[in-house]
Amino acid sequence: MNIDKSLSSRLLDVFVHGFIVIVLIATLLPVVHVISVSLSGSSEIMAGNVSIFPRSFSLSAYRLLVNDKLIPGSFLNSIVITIIGTIINMILTISVAYPLSKKKLPYRNFFMGLIIVTMFFGGGLIPSFLLVTSLGMYNSYWALILPGAISTYNMIIMRTFFGYVPDDIEEAARIDGAGMMQTLFRIILPLSMAAIATISLFYAVGHWNSWFSAMIYLYDVDKFPLQLVIRELIMQNETARLMAMAGDFDRANEMSGQKISVDGLKYSALVLSIIPMLIIYPFVQKYFVKGVMVGSLKG
Amino acid sequence: MGWIDLVSQTKKNGLMKSKRFEDKMKEIIKYKSLLLLLTPGILYYIVFHYIPMYGISIAFIDYKQVAGQGMLESILNSEWVGFENIINFAKSPMFFKVVRNTFLLSFYSILWEFPAPIILAICLNELRNYKYKRIVQTISYLPHFISVVSLVGIMIMILSPSTGYINVVLVKLGFEPIYFMAKSELFRTLYISSGIWTGIGWGAIIYIAAISGIDSTLYEAAVIDGATRIQRIFHITLPMIKPTIIILFILRTGGILSVGTEKVLLMYSPITYETADVIGTYLYRRGLVYMDFSYATAIGLFNSLINLAFLITANYIAKKYSDISLW
């Protein structure tokens with residue numbers, strides 16, 4: 001290892017460590033900054049004094065957002081959509097992945113072909129939209145759940161996992177008189193818990209972060225999921241609504257002297273949209289990494 | 001003698017055929033519960049993927065949505081106009097603009113976003129402290145989990161001309177504030193930079209896995225031969241992960257025209273249409289805002305076909321110049 005004190009090796013170290021530090025700072029800085037601003041008093045925000053640490057710590061914006069029914073309501077909506085959506089996703093995905101993992105299944109190649117083609121070619125936005133609405137799902141959560149019920153990518157990962165279960169175990173079950181469905185429930189699924197957890201998380205994150213389907217299919221603001229509400233507040237500049245909220249709070253809290261700026265509200269709303277993911281992330285990230293690796297092995 | 005052979009041969013073929021048919025039926029019966037299990041899923045694909053494919057025919061008709069009628073009924077009741085919609089799109093002034101924007105955005109996206117995870121993976125591989133490496137990795141793919149809405153939200157707030165931190169600093173340094181999100185010429189830069197921010201860590205995962213699969217004896221032999229670390233990177237690491245790089249590149253190129261429409265939709269505004277309006281967003285406006293269903297479907301068809309063409313080309317080139325390809 002003494003050869004490695006050469007100039008080229010040290011230059012490499014400079015580059016490597018420099019690059020990594022830049023990536024770390026660039027990744028964390030925006031998030032830290034936004035959180036800090038959201039926790040700062042509005043006069044400081046307007047004066048632009050907040051960079052990394054909050055100034056004149058204030059939770060007023062959060063209190064306002066949480067007490068108004070818009071954001072908590074949309075939060076609940078997102079939870080409902082995510083839970084129901086993921087359950088349906090998993091039932092359908094497993095119901096397709098398990099049979100297709102059996103190499104001797106009749107017409108297996110035909111079915112696989114049918115499914116894989118959909119990864120490369122599709123009807124497009126308009127035909128899908130017209131279909132979904134003509135099926136009566138406009139303004140319904142079903143429009144958010146059914147069209148994407150099976151992700152072929154996830155299904156293939158699941159199928160690969162099922163393929164890893166040794167045949168002998170299933171043979172033994174069959175000899176003991178178990179039918180194929182019993183084998184699935186009593187043996188295969190318990191053995192595949194890791195894969196099920198991973199794929200469920202993939203689907204769940206997908207639901208939680210989605211907004212576009214909600215935008216085109218949902219009409220009632222009460223039904224909006226969290227991401228769509230955030231979009232309305234920050235991107236569509238629902239300033240009127242935000243100012244009304246700020247105004248309400250002002251009247252209610254005149255004594256505390258804490259005024260809330262519209263921008264302050266936006267920062268806080270933004271943080272509320274990120275927080276759930278930030279909290280869950282450390283616990284679940286290892287599942288995701290494993291899932292990607294299995295998926296890439298098959299690919 | 002000849003025709004007796006023929007007859008018995010035919011009888012044998014017939015017997016073999018009906019025997020094969022019998023065997024096939026036995027297989028189907030044996031797997032009947034699995035095939036049954038498969039049915040809802042297949043139904044899903046037919047309804048939500050293949051029926052819309054049939055719906056592409058909307059591009060060739062003058063689609064009139066009648067209240068109370070389903071999509072299929074309305075298709076059957078509408079007039080055939082052939083290639084009129086596609087030709088109108090091709091002749092329209094928007095055509096050149098959105099196609100150009102889509103290609104440029106895709107091209108620069110791939111140019112800048114594709115190598116970044118590879119570089120990160122190689123850098124991470126050079127780290128000797130395992131704990132540090134794990135921490136960096138974990139932090140680096142956090143952005144992948146932040147939704148597009150939140151991502152663009154962060155951009156909008158930080159780049160805001162009034163309270164955004166970037167402009168606050170600029171003003172303190174004596175400059176005029178810049179309304180970043182409203183400048184056409186900055187759109188691509190912002191789109192791609194945020195794309196790198198989101199994807200670098202997550203994209204590196206696959207490369208890190210591939211690198212860890214490289215036989216360490218190769219490195220040992222290189223060290224004995226006196227190769228420097230830089231040389232080892234370029235002569236061992238990179239060539240050994242070439243298959244991974246190529247496959248991912250094909251997949252990336254195949255999606256060249258599905259430039260993240262959702263993200264553009266969130267980032268753009270009429271002021272930035274000049275560079276920001278891509279095929280997907282134009283399709284969205286014509287189809288779902290102006291309700292010009294046939295025209296928008298024609299745009300979608302164009303989009304899908306070009307995507308397919310790129311995928312096939314990329315795969316062909318890969319096949320020709322290496323052993324790696326998708327099919």
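Only this structure's heavy atoms are used, side chains among them; waters, hydrogens and symmetry mates stay out. Naming convention: chains lettered A, B, ... in sequence-line order (proteins, then strands); numbering from 1 in each chain.
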For chain B, which candidate among [options] shows the most heavy-atom pairs at distances under 4.5 Å?
{"options": "I216(A), I230(A), I115(A), L278(A)", "answer": "I115(A)"}
{"options": "A97(A), G124(A), G122(A)", "answer": "G122(A)"}
{"options": "L125(A), L114(A), L135(A)", "answer": "L114(A)"}
{"options": "M155(A), K104(A), M277(A)", "answer": "K104(A)"}
{"options": "V34(A), L92(A), D263(A), L100(A)", "answer": "D263(A)"}
{"options": "V132(A), V37(A), V96(A)", "answer": "V96(A)"}

Do [X] and [Y] have side chains that approach each other closer than 4.5 Å (heavy atoms only, starting at C-beta)?
{"X": "V23(A)", "Y": "V136(B)", "answer": "no"}
{"X": "Y107(A)", "Y": "I28(B)", "answer": "yes"}
{"X": "V152(B)", "Y": "I234(A)", "answer": "no"}
{"X": "I56(B)", "Y": "F121(A)", "answer": "yes"}
{"X": "R128(B)", "Y": "D13(A)", "answer": "yes"}
{"X": "P127(A)", "Y": "Y54(B)", "answer": "no"}
{"X": "I280(A)", "Y": "F145(B)", "answer": "no"}
{"X": "F120(A)", "Y": "N307(B)", "answer": "no"}

Minimum-distance pair of heavy atoms, taken over all atoms of [X] and [Y]:
{"X": "K266(A)", "Y": "M157(B)", "value": "CB-CE, 3.6 Å"}
{"X": "P147(A)", "Y": "H49(B)", "value": "O-NE2, 4.5 Å"}
{"X": "I126(A)", "Y": "A296(B)", "value": "CG1-CB, 3.6 Å"}
{"X": "S8(A)", "Y": "I230(B)", "value": "O-CD1, 3.7 Å"}
{"X": "L146(A)", "Y": "Y44(B)", "value": "O-CE1, 3.1 Å"}
{"X": "R229(B)", "Y": "S9(A)", "value": "NH1-OG, 2.9 Å"}

Exercise for the section: Determine yes or no for a side-chain-to-main-chain donor-acceptor pair under 3.5 angstrom, with Y267(A) supplying the side chain and I154(B) the backbone. Expected result: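 Looks like no, no N/O pair under 3.5 Å.
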Residue selection (most heavy-atom pairs with chain A, distance under 4.5 Å) from [options]:
{"options": "I156(B), I233(B), L120(B), T138(B)", "value": "T138(B)"}
{"options": "I146(B), I119(B), I200(B)", "value": "I119(B)"}
{"options": "L265(B), V148(B), L301(B)", "value": "L265(B)"}
{"options": "I42(B), I58(B), I51(B)", "value": "I42(B)"}

Side chain, backbone, both or neither: which part of [X] has a heavy atom under 4.5 Å from chain A?
{"X": "L127(B)", "result": "side chain"}
{"X": "S294(B)", "result": "neither"}
{"X": "I139(B)", "result": "both"}
{"X": "Y141(B)", "result": "both"}
{"X": "K24(B)", "result": "side chain"}

Handout entry: W202(B) atom CH2, over 12 foreign heavy atoms within 6.0 Å
Key =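 Yes - once you tally the heavy atoms of other residues, nucleotides and ligands closer than 6.0 Å, there are more than 12.
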Practice task
Assess whether atom OH of Y132(B) is packed by more than 12 heavy atoms of other residues, nucleotides or ligands within 6.0 Å.
Solution key: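 It does: Y132(B) OH has more than 12 such atoms within range.
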Going from [atom1] on [X] to [atom2] on [Y], what distance comes out if it is rounded to the nearest 0.5 angstrom?
{"X": "I166(B)", "Y": "H33(A)", "atom1": "CD1", "atom2": "NE2", "answer": "8.0 Å"}
{"X": "Y217(A)", "Y": "L288(B)", "atom1": "OH", "atom2": "CG", "answer": "8.0 Å"}
{"X": "L266(B)", "Y": "Q227(A)", "atom1": "CG", "atom2": "CD", "answer": "10.0 Å"}
{"X": "R108(A)", "Y": "L38(B)", "atom1": "CZ", "atom2": "CG", "answer": "11.0 Å"}
{"X": "S150(B)", "Y": "L272(A)", "atom1": "OG", "atom2": "CG", "answer": "10.0 Å"}
{"X": "I46(B)", "Y": "T118(A)", "atom1": "CD1", "atom2": "OG1", "answer": "11.5 Å"}

Checking [X] against chain B: side chain, backbone, both or neither under 4.5 Å from a heavy atom?
{"X": "V271(A)", "answer": "neither"}
{"X": "L184(A)", "answer": "side chain"}
{"X": "T133(A)", "answer": "neither"}
{"X": "I150(A)", "answer": "both"}
{"X": "I20(A)", "answer": "side chain"}
{"X": "L28(A)", "answer": "side chain"}
{"X": "K102(A)", "answer": "side chain"}

Handout entry: Trace of the side chain to side chain contact (heavy atoms under 4.5 Å, CB included) decision for T261(B) with F212(A)
Key = CA-CA 10 Å; T261(B) 308; F212(A) 188 68; over 6 Å; no
Handout entry: Pair F111(A)-L35(B), side chain to side chain contact (heavy atoms under 4.5 Å, CB included): steps then yes or no
Key = CA-CA 11 Å; F111(A) 290 126; L35(B) 287 174; 4.0 Å; yes
Handout entry: Verdict with supporting geometry, M235(A) and V149(B), side chain to side chain contact (heavy atoms under 4.5 Å, CB included)
Key = CA-CA 9 Å; M235(A) 276 146 249; V149(B) 179; 3.9 Å; yes
